[in-house]
K.L.:
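A single structure is presented below for examination.
In what follows, every chain begins at residue 1, and chains take the letters A, B, ... in the order their sequences are listed.
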Amino acid sequence: MSATLRHRRSHELESLLFSAISSAPSLFQLKQAHALLYPLGLHRSNYLASKLLRRLAELGSPSNTCVLAVFSQVPAPNSFLWTALIRASAALGPPCPHPLLLYSLMRRALPPPPPLSFTFSALLKSCSASRSIAMGSQLHAQTIFIGGFNEDLFVQNTLIDLYVQCGQLDLARKVFDEMLVRDAISWTSLIVAYTRNGDMGSAEELFGESPVKDMIAWTAMVTGYSQNGRPREALMVFDKMREAGVAIDEVSLVGAVSACAQLGAVKRAEGVRQIAELYGLGRNVVLGSAMVDMYAKCGLIDEARQVFNGMDDRNVYTYSTMITGLAAHGKASDAVDLFEEMVAEPHIAKIAGEKLFELEPDAIGNFVLLSNIFASAGMWNEVSNVRKLMRGRGLRKNPASSWMEARDGTVHEFFAGDGSHPMSREIKAALEELMDRLKSRGYVPMLSSIVYDVSESEKQRLLKGHCEKLALAFGLLTVDSGGIIRIVKNVRICEDCHLVMCLASSSENREIVVRDNMRFHHFKDGVCSCGGFW
DNA sequence: ATAGGGTTAG
């Protein structure tokens, strides 16, 4: 009696915790939910641990230790938990173990848990993402011999995608042909592969045969024609699609819009826009950008601009399209203005930043750069997000320092706000005097160089403590007049310090050379060799 | 869980 009651209670608790985990809005809350499991012994549950891993991946947990910690609490991991671990590692990437490594560990567990269909699909997906055809085809064999999944729709569809991604269309077709049951996804995957290969003939053939034509399949045909330079056929298919009573969404409109752009057909363009309005679509960036292009190419540059202005989300494509549109209509000065609006480094900086992280995900400089750009635009939320990301990856900023060689060959190093130098008092006094002289000559501190969200006066104070300024003051005190003051800095010199160096080189009549991590700055008579670009 | 998306230059 009491045993069944206890069992029932723990079951209720389990489902309660399950929903707490799956709805946790942030990593913090997820960790709190996780902590609740321990006193109840539920951290040993395969079911809850799998859910935890899934949520960790969805929230983009920045650390692999969380993932492994959750997994290793479970004494007898089952197929579901192993698969959740594989999926989470694949989603989170490098700091986590490679999915294939985890799979081989899974195969070695005693007794080995039988792989599930979505174990294979996770693995195959990671192969197709990295285009590793060799690994992928080995797994293909295992899906049959180990998993017995040669009739599993899901696995077969993932295999089609694997071969398509690896450019092996004939192998993809072979998988497709041998399938006993196919769904819309199997058909569409191949149709798209053909259209991307420029083989509209094969695409048409398959599309004609397909008994399961849904919105996505129709859309694939419309964009296929459009992207292969056959805009009239694209619009014909689009019309047929509407006649067939298929629903329309933003993506399906893009192909039609781009076809109108290619044709320069004003009336068709108007028709497509009415459809967009009818369905309340068009708030989407891609569709909006396509519409800007459509209007520009149909000669309606003002309408293009109207769409552009009305968009609440714009990216590089949107700007480029609008700019070239303006240029094509002879509105050169508008085009230049818009270009300048675009590069003036936070909206676009965000995009550029994302690209940078794709190329060099762990380069510390990228984090610092992005954080500083957001800071100078006053986007403090984004700044703290970047900081969190850095912390999560265990990246720490090297403290900025400047150093210079004194007359006797000793090297003196300065950190920001640093008072540890034996001559600190003289240095600070010399710096104060220098700043006063520069201010009387019109120097205004560039508060925007301070990337913290603090008061103006605090910014002034922080600026004064920059290590290269301390080094400069030390140089003015110790280097013979006429001698060059040579400073080395481990990170990029800030704008305010750069300005101070320029001004000081003329007011103090000194040559100053600063080497930062990127280049040399030769300051002489108020100008710098870098010409303001660094 | 797996399928569809926009610009330009040469």
K.L.:
Any side-chain N or O of A:Lys213 less than 4.0 Å from the OP1 or OP2 oxygen of B:dG4?
P.N.:
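No.
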
K.L.:
Taking the side chain of A:Thr219 as its heavy atoms from C-beta onward, which of B:dA3, B:dT8, B:dG4 lies nearest to it?
P.N.:
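Of the candidates, B:dG4 comes closest.
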
K.L.:
Could you check whether A:Val222 gets within reach of a base, just the sugar-phosphate, or nothing at all, counting any heavy atom under 4.0 Å?
P.N.:
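No contact.
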
K.L.:
Counting side-chain heavy atoms from CB outward, which of B:dT2, B:dG5, B:dT7 is closest to A:Phe154?
P.N.:
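From the listed options, B:dT2 comes nearest.
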
K.L.:
Parallel, tilted or perpendicular: which fits the ring planes of A:Phe118 and A:Phe80, with parallel below 30° and perpendicular above 60°?
P.N.:
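A:Phe118 vs A:Phe80 ring planes: tilted.
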
K.L.:
Using only side-chain N and O atoms of A:Lys125, determine if any of them is under 4.0 Å from OP1 or OP2 of B:dA1.
P.N.:
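So the side-chain polar atoms of A:Lys125 never come under 4.0 Å of the phosphate oxygens OP1 or OP2 of B:dA1.
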
K.L.:
At under 4.0 Å between heavy atoms, what does A:Gln227 touch on the DNA or RNA strands: base, sugar-phosphate, or nothing?
P.N.:
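Counting heavy atoms under 4.0 Å across all strands, the contact made by A:Gln227 is with sugar-phosphate only.
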
K.L.:
For A:Asp161 and B:dT2, what is the distance between atoms CG and P respectively, to the nearest whole Å?
P.N.:
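Rounded to whole Å, this separation is 10 Å.
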
K.L.:
When the distance from CD1 of A:Ile323 to C1' of B:dT7 is rounded to whole Å, what number comes out?
P.N.:
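One finds 10 Å between C1' of B:dT7 and CD1 of A:Ile323, rounded.
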
K.L.:
Is the distance between the ring centroids of A:Trp82 and A:Phe71 under 6.0 Å?
P.N.:
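Yes, close enough.
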
K.L.:
Identify whether any heavy atom of A:Thr195 sits under 4.0 Å from a base atom; if not, whether one sits that close to sugar-phosphate; answer base, sugar-phosphate or nothing.
P.N.:
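No contact.
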
K.L.:
Would you mind classifying the nucleic acid contact of A:Ser252 as base, sugar-phosphate or nothing, using non-hydrogen atoms under 4.0 angstrom?
P.N.:
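If one applies the 4.0 Å heavy-atom cut-off, A:Ser252 turns out to touch a base.
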
K.L.:
Where the side chain of A:Asn284 is defined as all heavy atoms beyond and including C-beta, which of B:dA3, B:dG6, B:dG5 is the nearest nucleotide?
P.N.:
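Comparing B:dA3, B:dG6, B:dG5 against the side chain of A:Asn284, the answer is B:dG5.
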
K.L.:
Looking at the base of B:dA3, is there any donor atom on it, or on the side chain of A:Ser189, that sits under 3.5 Å from an acceptor on the other one?
P.N.:
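Per atom types, no contact qualifies.
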
K.L.:
The side chain of A:Thr321 lies closest to which of these nucleotides: B:dT7, B:dA3, B:dA1?
P.N.:
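Closest of the options to the side chain of A:Thr321: B:dT7.
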
K.L.:
Rounded to the nearest angstrom, tell me the gap between atom CE in A:Met200 and atom C1' in B:dG4.
P.N.:
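Value for this atom pair: 12 Å.
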
K.L.:
Checking all strands, does A:Val192 fall into the base, sugar-phosphate, or nothing category for heavy-atom contacts under 4.0 angstrom?
P.N.:
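Sugar-phosphate contact only - A:Val192 comes under 4.0 Å of backbone atoms but never of a base.
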
K.L.:
Taking atom P of B:dG6 as reference, at what distance in whole Å does atom CE of A:Met311 sit?
P.N.:
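Atom CE in A:Met311 sits about 14 Å away from atom P in B:dG6.
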
K.L.:
Salt-bridge test for A:Arg268 and A:Asp239: reply yes if a basic N is under 4.0 Å from a carboxylate O, no otherwise.
P.N.:
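A:Asp239 and A:Arg268: salt-bridged.
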
K.L.:
Starting at atom CD of A:Glu250, determine the distance to atom P of B:dG4, rounded to an integer number of angstrom.
P.N.:
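From A:Glu250 CD to B:dG4 P: 17 Å.
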
K.L.:
Indicate yes or no: at least one non-hydrogen side-chain atom of A:Met221 is less than 4.5 angstrom from one of A:Met200.
P.N.:
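A side-chain contact under 4.5 Å exists here.
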
K.L.:
Whole-Å distance between B:dA3 P and A:Asp214 CG?
P.N.:
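Roughly 13 Å, once rounded to whole Å.
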
K.L.:
Under 4.0 Å between a side-chain N or O of A:Arg54 and OP1 or OP2 of B:dA1?
P.N.:
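It does, given that an N or O in the side chain of A:Arg54 lies less than 4.0 Å from OP1 or OP2 of B:dA1.
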
K.L.:
Check for a donor-acceptor pair, side chain of A:Asn46 on one end and backbone N or O of A:Asn78 on the other, with a separation under 3.5 Å.
P.N.:
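Looks like yes, one N/O pair under 3.5 Å.
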
K.L.:
At under 4.0 Å between heavy atoms, what does A:Leu287 touch on the DNA or RNA strands: base, sugar-phosphate, or nothing?
P.N.:
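Answer is base: heavy atoms of A:Leu287 come under 4.0 Å of a base.
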
K.L.:
So A:Arg196, base contact, sugar-phosphate only, or nothing? Heavy-atom distance under 4.0 Å.
P.N.:
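Sugar-phosphate only.
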
K.L.:
Check the angle between the aromatic planes of A:Trp187 and A:Phe176 and answer parallel, tilted or perpendicular using the 30° and 60° thresholds.
P.N.:
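Aromatic pair A:Trp187/A:Phe176 classed perpendicular.
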
K.L.:
Between atom CG in A:Asn197 and atom P in B:dA3, what is the gap in whole Å?
P.N.:
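Distance check: A:Asn197 CG to B:dA3 P gives 18 Å.
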
K.L.:
Taking the minimum atom-to-atom distance to the side chain of A:Ser121, which one of B:dT7, B:dA1, B:dA3 wins?
P.N.:
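Minimum distance to the A:Ser121 side chain belongs to B:dA1.
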
K.L.:
Could you state the CZ-C1' distance from A:Phe176 to B:dA3, rounded to the nearest angstrom?
P.N.:
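Computing the A:Phe176:CZ to B:dA3:C1' distance gives 12 Å.
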
